[in-house]
There are 2 protein chains.
Amino acid sequence: MTSVTERDVFLADCPARTTLDLIANTWSVVVIAGLGRGPARFNDLRELIGGISKKMLVETLRRLERNGPVARRTISSAPAGVEYRLTPLGESLLEPVRVLSRWAQDNADDFVSAQDAQLVG
Amino acid sequence: MTSVTERDVFLADCPARTTLDLIANTWSVVVIAGLGRGPARFNDLRELIGGISKKMLVETLRRLERNGPVARRTISSAPAGVEYRLTPLGESLLEPVRVLSRWAQDNADDFVSAQDAQLVG
DNA sequence: CAGTATCCTATCGGATACTG
DNA sequence: CAGTATCCGATAGGATACTG
């Protein structure tokens with residue numbers, strides 16, 4: 001029994017594509033990877049993630065919250081604040097995110113040199 | 001012996017972050033995944049990848065070409081045209097891209113329902 | 001501490017028309 | 001077939017100032 005509606009990233013207007021649109025961007029990947037280290041407060045995340053603005057961090061967290069992978073919790077005990085953590089869905093996203101990040105880290109020098117070669121040539 | 005310059009996606013202005021910026025977007029992921037099926041012509045890719053415009057396909061291919069994962073070749077034999085294929089670097093990117101795409105396909109329904117719940121609530 | 005609100009620019013990305 | 005060129009609206013994203 002195959003379902004009539006496929007889930008294929010090659011198809012426009014498919015939930016799989018919509019999902020890819022939401023997770024396949026730098027800030028989503030880095031925020032998920034950051035929360036993979038454990039629950040964190042807003043400003044902890046800002047310190048961990050170099051170059052992210054308050055605006056983008058808020059927007060990224062809200063979007064991930066809306067779609068499931070991230071949960072937000074208010075801390076009443078001192079020091080008061082908020083805590084973000086991965087949901088089970090977010091935990092399952094951790095592996096893809098880490099595989100991609102690791103690739104970026106391992107192949108960064110090849111990318112850079114290819115770009116340099118282009119600039120020189 | 002640890003190198004002085006780290007390769008960490010958490011660091012702004014790090015080659016790893018720059019690399020992530022270039023690959024962590026929908027069109028890059030889908031184009032790499034598409035070329036993972038084998039070498040393809042420009043219009044073959046346009047047919048395979050739903051919703052991509054000529055403009056975005058050209059720009060994505062050029063960017064991936066500049067940075068290494070994709071190679072472009074002119075076909076002189078009939079029917080004449082061009083062929084895009086993955087380089088060895090591109091092949092190594094295939095696994096991360098497939099892991100991410102598969103996650104999107106497998107969890108698309110959870111994402112959608114989470115969003116629906118938000119709309120209702 | 002954890003945001004909001006506003007402004008402004010750059011890039012994304014579709015539509016359309018044209019080219020060798 | 002495989003683009004290029006141009007126009008245009010929508011979104012990304014930084015800077016800054018303000019808030020409970």
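A quick note: this is a predicted structure, and the numbers were derived from the prediction, not measured. Order of the sequence lines sets the chain letters (A, B, ...), proteins ahead of strands, with each chain counted from 1.
Taking atom CD1 of residue B:I75 and atom P of nucleotide D:dG3, one finds them 11 Å apart after rounding to whole Å. Atom NZ in A:K54 sits about 10 Å away from atom P in C:dG3, given to the nearest Å. Rounded to whole angstrom, the span from the CG atom of B:L22 across to the P atom of C:dC12 amounts to 10 Å. One atom, CZ of B:R73, and another, P of D:dC1, lie 17 Å apart when rounded to the nearest Å. Distance CZ (B:R62) to P (D:dA5): 11 Å, rounded to an integer number of Å. Here C:dC1 presents its C1' atom at 11 Å from CZ of A:R72, a figure rounded to the nearest Å.
In the hydrophobic clustering of ILVMFWY residues, with side-chain heavy atoms under 4.5 Å counting as a link, A:L100 and B:L11 come out apart. No chain of hydrophobic side-chain contacts below 4.5 Å, direct or via other Ile, Leu, Val, Met, Phe, Trp or Tyr residues, connects B:L20 to A:V99.
Every residue two or more places apart in sequence or in another chain that forms a side-chain contact (heavy atoms from CB on, under 4.5 Å) with B:L94 is listed here: B:I32, B:L86, B:E91, B:R98. Every residue was checked against the salt bridge (charged side-chain N to carboxylate O under 4.0 Å, His left out) condition with A:R85, not counting sequence neighbours, and none meets it. Remark: A:A16 engages A:R7, A:V9, A:C14, B:Q105, B:A108 in a side-chain contact (heavy atoms from CB on, under 4.5 Å) (not counting sequence neighbours).
Within the structure, salt bridge (Lys or Arg N to Asp or Glu O under 4.0 Å) pairs that include any residue of residues 51-64 of chain A comprise A:R62-A:E65 (at least two apart or interchain). Residue pairs meeting the salt bridge (Lys or Arg N to Asp or Glu O under 4.0 Å) criterion with at least one partner in residues 15-44 of chain A, sequence neighbours excluded, do not occur; the list is empty. Sorted by first then second residue, the salt bridge (Lys or Arg N to Asp or Glu O under 4.0 Å) pairs that include residues 68-83 of chain B, not counting sequence neighbours, are B:R73-B:E83. Screening residues 54-105 of chain A for ring-ring contact (aromatic ring centres under 6.0 Å, His included) gives A:W103-A:F111 as the qualifying pairs, with residues at least two apart or on separate chains.
The closest side-chain heavy-atom distance from B:L35 to B:V70 is below 4.5 Å.
Paired runs in DNA chain C that reach 3 or more consecutive Watson-Crick or G-U pairs, where each pair keeps both distances under 3.5 Å, cover C:1-20 with D:1-20.
Remark: A:R41, A:F42, A:N43 in residues 35-50 of chain A come within less than 4.0 Å of DNA chain C through at least one heavy atom.
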Could you list the protein-to-nucleotides 12-15 of chain D atom pairs, N/O on both sides, closer than 3.5 Å?
| from | atom 1 | to | atom 2 | distance (Å) |
| --- | --- | --- | --- | --- |
| D:dG13 | N7 | A:K55 | NZ | 2.4 |
| D:dG13 | O6 | A:K55 | NZ | 3.0 |
| D:dG14 | OP2 | A:S53 | OG | 3.0 |
| D:dG14 | O6 | A:K55 | NZ | 2.7 |

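Within the 4.0 Å cut-off from OP1 or OP2 of C:dC1, not a single side-chain nitrogen or oxygen of A:Y84 is found.
When all heavy atoms of B:L45 and B:G34 are compared, the pair lying nearest together is CD2-C, 4.5 Å.
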